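Taking it in order: structure first as structure tokens, then the write-up.
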Protein chains: 2
Amino acid sequence: MTPQSFPVGEIVASRRPHRKDAARNYDALIAAAREAFAQHGAEASLEDVARRAGVGIGTLYRNFPTRRDLFESVYADEVNALVRAAAEVADREPWEALTAWLKRFTEYMVTKRAVREALDDESEIFQACRDSMYAAGGPLLDRAQAAGLARTDMDFSDLLRLVAGVLGTTFDDDVQRDRVLAIALDGVRTGG
Amino acid sequence: MTPQSFPVGEIVASRRPHRKDAARNYDALIAAAREAFAQHGAEASLEDVARRAGVGIGTLYRNFPTRRDLFESVYADEVNALVRAAAEVADREPWEALTAWLKRFTEYMVTKRAVREALDDESEIFQACRDSMYAAGGPLLDRAQAAGLARTDMDFSDLLRLVAGVLGTTFDDDVQRDRVLAIALDGVRTGG
DNA sequence: ACTGTAGCGGAGGTACCCCTCCGTTTCAAC
DNA sequence: GTTGAAACGGAGGGGTACCTCCGCTACAGT
């Protein structure tokens, strides 16, 4: 309801280097990895990631000594974007703010899917990211519930799973996707 | 409504061999492949599949010359099981029959997920399987709609995507999964 | 029981991936 | 501009997967 006041910065201490060329390579690696993981899942080739980023394999390993390190950085990056998105919709109407944020949540899911395969659910970073995300998005559901627009026998976690699931499937076209998502959200919505 | 009268047999001409040892190996390969694909996705190692099945790699390649052939057989096998399941629930109450079948649909989704990655959506087998599955499951939704238990501004395809999506995600536990699925189906259900 | 053949397993060539190591390049502080 | 340290790229050793090929095995029909 008020602009987010909790920290939206780095979830884990970012290892982004200071030198210009190094920082550029770091960013290129994160972007390439997100792309590769989205396309090939958790087992994407790291050499392919380095190729996409236009850097040598050695550079990849210096920045991310293990595959897990790369996953964590890509994932944290996505979560940060999602947290920022929550602040951006905070001034809209309750239900519209919620659904707008859930739309942005779609993109996050693509990365999340691959990351799930690689990182243990109980890992520290997952915990931190979940906290961060719930702190950012949770109030959006709270507002809708307080306004009598959303059922109260569910929590934010339920909502995310529902939306994540629906958006994680493929559809004939965008029209069908929106229709099915609307049906799912009809299960969430209450007269208002 | 009446027991299924359409063919529930092989969707594609099965290449299952006649000789006893060969047939056993064929079945073991299908089972091992389903397991491996569920676990590792479309890029599971074929040598691993052969190992799980307890056969030589040569045997795998004789039965399934290409990775695609193996996928198609595993997939067709699953669809056949799903079609049979529709016949088995046909004598229950409309809404209960529908949800019972959708529960079985969960298992199918695990395989489907991997197969999607490997097979083109427009492939002949996908088309045939979809027809077969819709013919089997579609009447279950029709019945529920006719009984005023399900909204009529959606079709069977929408329902499958919705359920497939929800069940394709992970949950904290079975209780949450059932709760979220119930919310989604609340969007489908109409007063009754 | 005999026997022809369908079926079997796995060795091995090729290709790709993982990850380390180190000689070379590039930055930035002076 | 000089220079030292940080960063770079990619060669290369070890491992695994793909797929073919062929000598061996075991089934089924007589």
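Please read these numbers as outputs of a predicted model, since none were measured by experiment. Convention: sequence-line order gives letters A, B, ...; per-chain numbering from 1.
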Practice item. Would you kindly give the CD-to-P distance between A:E47 and D:dG12, to the nearest whole Å? Key: 14 Å
Point to revise | Interatomic distance, B:R51 CZ vs D:dC18 C1' [rounded to whole Å] | key: 12 Å
Check your understanding: What's the CZ-C1' distance between B:R67 and D:dC19, to the nearest Å?
Key -> 12 Å
Review point. So, for A:F71 and A:F64, is the gap between ring centers shorter than 6.0 Å?
Key: no
Exercise for review: Check whether any side-chain N or O of B:S45 sits under 4.0 Å from OP1 or OP2 of D:dT16, and answer yes or no.
Suggested key: no
Exercise for review: Find the distance B:E43:CD to D:dC18:C1' and express it as a whole number of Å.
Suggested key: 13 Å
Check your understanding: Which part of the nucleic acid does B:R24 contact within heavy-atom distance under 4.0 Å: base, sugar-phosphate only, or nothing?
Key -> nothing
**Study point:** Whole-Å distance separating the CG atom of B:L60 from the P atom of C:dG7
**Key:** 15 Å
Check your understanding: Rounded to the Å, how far apart are A:I57 CD1 and C:dT20 P?
Key -> 11 Å
Kindly give the atom pairs (protein nitrogen or oxygen, nucleotide nitrogen or oxygen) under 3.5 Å for nucleotides 4-8 of chain D.
from, atom 1, to, atom 2, distance (Å)
D:dA6, N3, A:R19, NH1, 3.0
D:dC8, OP1, A:N25, ND2, 2.4
D:dC8, OP2, A:R62, NH1, 2.3

Exercise for review: Quickly work out the B:D69 CG to D:dC19 C1' distance and round it to whole Å.
Suggested key: 14 Å
**Study point:** Short side-chain to backbone donor-acceptor contact, B:T59 and B:V55, under 3.5 Å
**Key:** no
Practice item. Indicate yes or no for a side-chain donor-acceptor contact from B:R177 to the backbone of B:T170 under 3.5 Å, with no hydrogens or angles considered. Key: no
Review point. Rounded to the nearest Å, what distance is computed from the NZ atom of residue B:K20 to the P atom of nucleotide C:dT5?
Key: 22 Å
Practice item. Mind running salt bridge (Lys or Arg N to Asp or Glu O under 4.0 Å) on A:K112 and A:E78 for me, showing each step along the way? Key: CA-CA 9 Å; A:K112 178 66 182 297; A:E78 277 293 282; over 6 Å; no
Review point. If you measure from the Lys or Arg side-chain nitrogens to the Asp or Glu carboxylate oxygens, is any gap between B:R179 and A:D153 under 4.0 Å?
Key: no
Point to revise | B:Q176 side chain vs B:D172 backbone, donor-acceptor pair below 3.5 Å | key: yes
